[in-house]
Amino acid sequence: MATVFDLGKFSVKTVAKDFDRRASSPSRSLLVVTPCEAGTYPIALFLHGFLLNVSSYLQILRHIASHGFILVAPQLFTILPSSPEEDIAAAAAVCDWLPEGLQSLLPEGVTADLAQLGLSGHSRGGHAAFALALGHAKTSLKFSALIGVDPVAGSERWNQVSPEILTYVPSSFALDLPVLVIGTGLGSQRRNLLSPPCAPEGFNHHDFYRESRPTCYHLVAKDFGHLDMLDDGASPMQKMACKRGDKGGRDAMRRTTAGVMTAFLKAYLRGEGADLDAIVRNPGLAPTTLDPVESRRKPVRAGIIRSRL
């Protein structure tokens, strides 16, 4: 059951698509990470964090794709930082581009299953993912699952970013889809006296989980920080701003993040819930310490197979 924390059986290919105003193009440059073997695969849209490059997540994206998923990851800003509203609108535009544009980027024999679409994001990209799912920008496609990787909705200095989606009322998110929230134990701690926490209390994973409705999951990598799931060569200046963990090595954090995401996507985009159930029952299967691990699930109705929950 722990195989989701290792690379899957599919070889993968990474395709870069640049934005081009003169041609049919997504609203942003993006990376597509796809299995190479012929078949039909679910899709997961991934939104990067504030001032980060989408290439900083390649190890996680390739890991998930190796288990039979197509990852689409837009670059939400170029030189100047974009506003949260611009990020959400850009993500919605990329979703609307998928039916006409994605297939041409895939290997021969590979087909994207647009009916099985996951939405995910890290840090402020997690906030954008939740805001998009909540309808703060309209899309032509329906999402089947939502993932926030240490999502952040504001800072100690500036309070909530816009749109202000946190209400601090339990189960207040009007979402009729399963939700996974992955948190970090060190994200709410300061790296030093001059640096604010990168995922401060009141705006972080705890709040996103509390406001999600069943079915929802919350798993926290206790000994790691807000950017510890990035590739080793990624954004050294950004990494210096956040409290970092060393216990078990950052490769273990990347494998944990990718493995939990994979298990959740398998459960809710492919109806294969055994891996997710196993991790919730036995968090020790993960390469890092997961604590807490909690979930709230809708009651099982007659005729529903439990492996699909």
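Within the 3.5 Å criterion, the main-chain N or O of V12 finds no donor-acceptor partner in the side chain of E37. Using a distance-only test at 3.5 Å, with no hydrogens or angles considered, no donor-acceptor pair links the side chain of R254 to the main chain of I60. The backbone N or O of S171 lies less than 3.5 Å from a partner atom in the side chain of R213, making a donor-acceptor pair. Of the possible donor and acceptor atoms, one in the side chain of S66 sits under 3.5 Å from a partner among the backbone N and O of G8. At distances below 3.5 Å, at least one donor-acceptor pair connects side-chain atoms of R191 with backbone N or O atoms of C242. At least one donor-acceptor pair closer than 3.5 Å links the side chain of E86 to the backbone N or O of S83. In this structure, the side chain of T167 engages the main chain of V169 through a donor-acceptor pair within 3.5 Å. Side chain of R244 to backbone of L186: no donor-acceptor contact under 3.5 angstrom is found. For the pair Q160 (side chain) and I165 (backbone), a donor-acceptor distance under 3.5 Å is present.
Side-chain contact between T215 and V179 is absent, with no heavy atoms from C-beta onward closer than 4.5 Å. The shortest side-chain heavy-atom distance between I279 and V4 falls under the 4.5 Å cut-off. Taking 4.5 Å as the limit, every side-chain heavy atom of I70 sits out of range of all side-chain heavy atoms of V33. Using a 4.5 Å cut-off on side-chain heavy atoms (C-beta onward), L45 and P74 make contact. Side-chain contact between I182 and M261 is present, with heavy atoms from C-beta onward closer than 4.5 Å. The shortest distance between side-chain heavy atoms of Q75 and N53 falls below 4.5 Å. Counting heavy atoms from C-beta outward, L30 and V54 have side chains that stay 4.5 Å or more apart. Contact annotation: the side chain of L290 never approaches that of K222 to less than 4.5 Å [non-hydrogen atoms, C-beta and beyond].
Across P151 and H127, no two heavy atoms sit closer than the pair CB-N, 4.3 Å. In terms of heavy-atom proximity, S55 sits nearest to D231 at O-OD2, 3.5 Å. In terms of heavy-atom proximity, Y217 sits nearest to S295 at CD2-CB, 3.5 Å. The nearest pair of heavy atoms linking L265 to A44 is CD1-CB, 4.1 Å. The two atoms that bring L166 and G202 nearest to each other are CD1-O, 3.9 Å, heavy atoms only. Closest approach of S212 to C216, counting heavy atoms only: CB-CB, 3.9 Å.
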Go through L180 and V260 one step at a time and tell me if the side chain to side chain contact (heavy atoms under 4.5 Å, CB included) criterion holds.
CA-CA 9 Å; L180 166 67; V260 172; 3.8 Å; yes
Go through the steps for Q59 and D251 under the test side chain to side chain contact (heavy atoms under 4.5 Å, CB included), then give the verdict.
CA-CA 9 Å; Q59 286 184 255; D251 182 63; 4.1 Å; yes
Give the intermediate values and the outcome of side chain to side chain contact (heavy atoms under 4.5 Å, CB included) for residues V15 and L31.
CA-CA 6 Å; V15 180; L31 293 179; over 6 Å; no
Determine whether E211 and S172 satisfy the following criterion, side chain to side chain donor-acceptor pair (under 3.5 Å), listing intermediate values before the conclusion.
CA-CA 5 Å; E211 298 198 26; S172 58; 2.9 Å; yes
What's the verdict on side chain to side chain contact (heavy atoms under 4.5 Å, CB included) for I43 and F69, showing C-alpha distance, side-chain angles and the deciding distance?
CA-CA 6 Å; I43 310 168; F69 298 93; over 6 Å; no
Go through D150 and T184 one step at a time and tell me if the side chain to side chain donor-acceptor pair (under 3.5 Å) criterion holds.
CA-CA 6 Å; D150 218 22; T184 60; 2.6 Å; yes
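S120 OG to F130 CZ: the interatomic distance, rounded to the nearest 0.5 Å, is 10.5 Å. In this structure, the separation between OG on S162 and NE2 on H136 is 8.5 Å, given to the nearest 0.5 Å. Atoms NZ and CG, from K138 and L141 in turn, are 14.0 Å apart once rounded to the nearest 0.5 Å. Summarising the geometry, atom CG belonging to D207 is positioned 8.5 Å from atom NE2 belonging to H205; distances are rounded to the nearest 0.5 Å. Note: L285 CG to N282 CG = 4.0 Å, rounded to the nearest 0.5 Å. Taken to the nearest 0.5 Å, the CG atom of L76 stands 12.0 Å off from the CZ atom of F50.
The aromatic rings of F264 and Y268 sit tilted relative to each other, their planes meeting at an angle between 30° and 60°. Relative ring orientation between H218 and H206 is described as perpendicular, the plane-to-plane angle rising above 60° on a 0-90° scale split at 30° and 60°.
Y41 and L7 fall into different hydrophobic clusters, where Ile, Leu, Val, Met, Phe, Trp and Tyr residues are linked whenever their side-chain heavy atoms come under 4.5 Å apart, directly or through other members. Follow the hydrophobic side-chain contacts under 4.5 Å out from V220 and you never reach V152; the two are in separate clusters. A continuous path of hydrophobic side-chain contacts links M253 to V149 [ILVMFWY only; heavy atoms under 4.5 Å].
A donor atom on one side chain and an acceptor atom on the other are found under 3.5 Å apart for S123 and H226. Side-chain N/O atoms of D96 and S140 include a donor and acceptor closer than 3.5 Å. Between the side chains of D291 and T289, no donor-acceptor pair is found at a separation under 3.5 Å. Between the side chains of S195 and N192, at least one donor-acceptor pair of N or O atoms lies under 3.5 Å.
Ion pairing of D176 with K298 is present here, as a side-chain N (NZ or NE/NH1/NH2) and a carboxylate O approach within less than 4.0 Å.
When each of V32, V110, T34 is paired with L105, the side-chain contact (heavy atoms from CB on, under 4.5 Å) condition holds for V32 and for no other. When each of D223, T257, D228, T256 is tested with T288 by the rule side-chain hydrogen bond (donor to acceptor under 3.5 Å, both in side chains), just one qualifies, namely T256.
Within the structure, salt bridge (Lys or Arg N to Asp or Glu O under 4.0 Å) contacts touching residues 113-126 (residues at least two apart or in different chains) are D87-R124.
Figure legend: cation-pi geometry between R296 and Y209, with NZ or CZ positioned under 6.0 Å from the six-membered ring centre and within 45° of its axis.
A ring-centre distance under 6.0 Å is found for Y57 and H122.
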